[in-house]
Amino acid sequence: MGGQGVSNAEQPKKDSETAAQKSSKCPPDHIIYDPNTGARICLDTGEIIEEQVIGDEAEWRAYTPDERARRTRVGGPLSLAKPNMGLDVYLSGFHEGSGKRIRGLSRRIENLRLQRSFKMGRTLSGIEKNINQALKILDEIATRMELPDRVKEEASKLYRDATEKGLTRGRSIESVVAATLYAACRKLKIPCTIDDIAKNLPSKSADTKREVARCYRLLVRDLGVDIPVIEPELFISRIVSALGLPDYITIEAAKILREARNKGVTAGKDPSGLAAAAVYLAALKNGLRRTQKEIAHVAGVTEVTVRNRYKELVGDELKGETQ
């Protein structure tokens with residue numbers, strides 16, 4: 001009895017083999033799909049070749065992008081950067097995306113009242129309220145800095161993980177959000193400094209940068225975030241653009257950093273400071289003098305850092321040059 005039975009694992013394989021054998025007997029152009037039964041049928045013999053086929057085509061027609069947006073019912077993709085992962089609940093027929101027009105002023109008022117009652121009746125936990133508030137701040141900072149969506153997604157994931165582990169308890173939401181954004185930029189190798197993020201926070205104080213740096217170290221340690229080393233070349237274009245220097249300065253500065261890396265000068269140094277010093281040196285070589293104070297302000301480092309990195313890059317031959 002056991003030898004005649006067919007296991008569950010072998011059944012799908014046999015079904016697919018049977019469907020393949022049937023379809024080989026019927027020409028492909030004679031096979032139709034019946035959306036009512038979800039089956040593929042041969043026109044010649046009337047034989048059902050495959051059953052329970054899921055149709056992936058839309059059952060409605062749309063000829064313009066506006067019609068397609070009105071008639072679609074699937075909504076946007078899931079996103080960690082949105083409250084409730086981008087999911088929302090609407091009463092059937094009461095949402096504009098349903099394609100149904102609500103007639104009559106009384107019905108419209110009633111529908112709005114039901115929607116408002118539904119939203120007010122939904123109780124949010126403390127964690128959900130914290131995450132929703134943080135996501136609003138995160139979106140505001142990312143929009144100001146024109147950061148790509150992948151940074152927002154990564155930062156949102158880090159903030160959610162930090163909330164689950166209780167790392168946000170007793171800390172400023174803005175500081176933790178700024179730390180997650182900085183960690184996401186570092187992880188995705190996007191040139192950004194803590195100063196850049198701190199300047200775009202809704203509220204600022206004297207200890208903002210220090211608090212963000214403290215939260216960043218906490219996230220990296222407790223969440224085990226793998227932060228790759230950022231090459232200083234990534235900061236060059238931003239510094240050159242902010243100073244209004246020509247494009248060939250970018251090439252010259254990258255060449256300076258490449259030679260310094262071969263000599264082992266760049267090991268263990270802040271990439272922003274190295275990039276600032278390389279741009280300063282490249283501008284000097286091409287007669288486009290910019291002060292160290294200007295470059296330090298644009299790069300988000302101190303003037304002393306630019307001066308020290310500059311001395312290390314030029315070597316013994318230019319150490320005595322007037323700065």
Side-chain angles (χ1 to χ4, degrees), residues 141 145 174-175 178-179 181-183 185-187 189-201 204-221 227-323:
I141 300 172
M145 298 182 64
E174 290 186 2
S175 299
L181 273 173
Y182 180 63
C185 290
R186 288 288 304 267
K187 189 173 181 180
K189 292 189 175 183
I190 293 178
C192 180
T193 64
I194 292 181
D195 276 335
D196 295 333
I197 297 176
K199 290 175 185 176
N200 289 279
L201 287 177
K204 308 175 186 67
S205 64
D207 296 332
T208 298
K209 180 179 176 182
R210 187 179 306 169
E211 183 63 25
V212 173
R214 188 182 297 116
C215 291
Y216 168 73
R217 290 192 294 269
L218 179 72
L219 293 175
V220 173
R221 184 190 65 199
I227 302 296
V229 178
I230 296 184
E231 294 81 4
E233 287 85 349
L234 295 174
F235 291 87
I236 293 177
S237 297
R238 184 168 66 91
I239 297 173
V240 169
S241 176
L243 292 171
L245 295 171
D247 293 339
Y248 61 83
I249 298 297
T250 303
I251 301 174
E252 181 69 25
K255 181 181 177 182
I256 292 172
L257 286 176
R258 194 160 48 247
E259 293 175 353
R261 183 180 292 107
N262 293 335
K263 296 177 181 179
V265 177
T266 61
K269 304 295 191 307
D270 176 37
S272 300
L274 285 169
V279 171
Y280 176 69
L281 180 56
L284 280 181
K285 286 185 175 181
N286 289 274
L288 301 171
R289 187 177 180 86
R290 294 290 189 276
T291 64
Q292 293 179 354
K293 185 176 181 180
E294 286 180 290
I295 296 180
H297 177 72
V298 169
V301 296
T302 64
E303 196 174 343
V304 176
T305 300
V306 177
R307 185 177 300 114
N308 291 338
R309 297 294 89 80
Y310 165 73
K311 290 180 178 180
E312 293 168 356
L313 290 177
V314 297
D316 294 334
E317 56 179 344
L318 292 178
K319 272 188 178 180
E321 184 177 324
T322 304
Q323 299 182 31

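As a basis for the values below, the full set of heavy atoms in this structure was taken, side chains included, without hydrogen atoms, waters or symmetry mates. Because the structure is predicted, anything quoted here is derived from the model rather than measured.
The distance from the OG atom of Ser175 to the CG atom of Leu218 is 11.5 Å, given to the nearest 0.5 Å. For the atom pair Ile197 CD1 and Leu201 CG, the distance stands at 8.0 Å (nearest 0.5 Å). For the atom pair CG of Asn308 and CD of Gln292, the computed distance is 9.5 Å after rounding to the nearest 0.5 Å. Here the straight-line distance linking atom OG1 of Thr266 with atom CZ of Arg258 works out to 12.5 Å at 0.5 Å rounding. The line from OH of Tyr310 to CG of Leu274 is 15.0 Å long, rounded to the nearest 0.5 Å. To the nearest 0.5 Å, the span separating CG on Asn286 from CD1 on Ile249 amounts to 4.0 Å.
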Given the rule in the salt bridge (Lys or Arg N to Asp or Glu O under 4.0 Å) test, do Lys255 and Glu252 qualify, once you have shown the distances and angles that lead to the verdict?
CA-CA 5 Å; Lys255 181 181 177 182; Glu252 181 69 25; 5.3 Å; no
Check the pair Tyr280, Ile239 against side chain to side chain contact (heavy atoms under 4.5 Å, CB included), reporting the backbone distance first and the verdict last.
CA-CA 10 Å; Tyr280 176 69; Ile239 297 173; over 6 Å; no
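Using a 4.5 Å heavy-atom cutoff, the side chains of Pro246 and Leu288 are in contact. Side-chain contact between Val279 and Phe235: absent, with no pair of heavy atoms (C-beta onward) separated by less than 4.5 Å. Using a 4.5 Å cut-off on side-chain heavy atoms (C-beta onward), Val240 and Ser237 make no contact. Lys269 places none of its side-chain heavy atoms less than 4.5 Å from the side chain of Pro232. Between Tyr182 and Ile227 the shortest side-chain heavy-atom distance does not fall below 4.5 Å.
More than 12 non-hydrogen atoms from other residues, nucleotides or ligands lie less than 6.0 angstrom from CG of Asn262. Other residues, nucleotides and ligands contribute only 12 or fewer heavy atoms inside 6.0 Å of the CZ atom of Arg210.
Across all non-hydrogen atoms, the minimal contact from Ala282 to Ala253 is CB-N, 3.8 Å. Val301 and Ser272 make their closest contact through CG1-CB, 3.8 Å (heavy atoms, listed as atom of the first residue, atom of the second, distance). A pairwise comparison of heavy atoms in Ala283 and Leu245 identifies CB-CD1, 4.4 Å as the closest pair. Across all non-hydrogen atoms, the minimal contact from Leu257 to Ala278 is CG-CB, 3.7 Å. In terms of heavy-atom proximity, Ala242 sits nearest to Val298 at CB-CG1, 3.3 Å. The two atoms that bring Ala277 and Val306 nearest to each other are CB-O, 3.9 Å, heavy atoms only.
A salt bridge links Arg214 with Glu211: at least one charged nitrogen is closer than 4.0 Å to a carboxylate oxygen.
A donor atom on one side chain and an acceptor atom on the other are found under 3.5 Å apart for Asp196 and Thr193.
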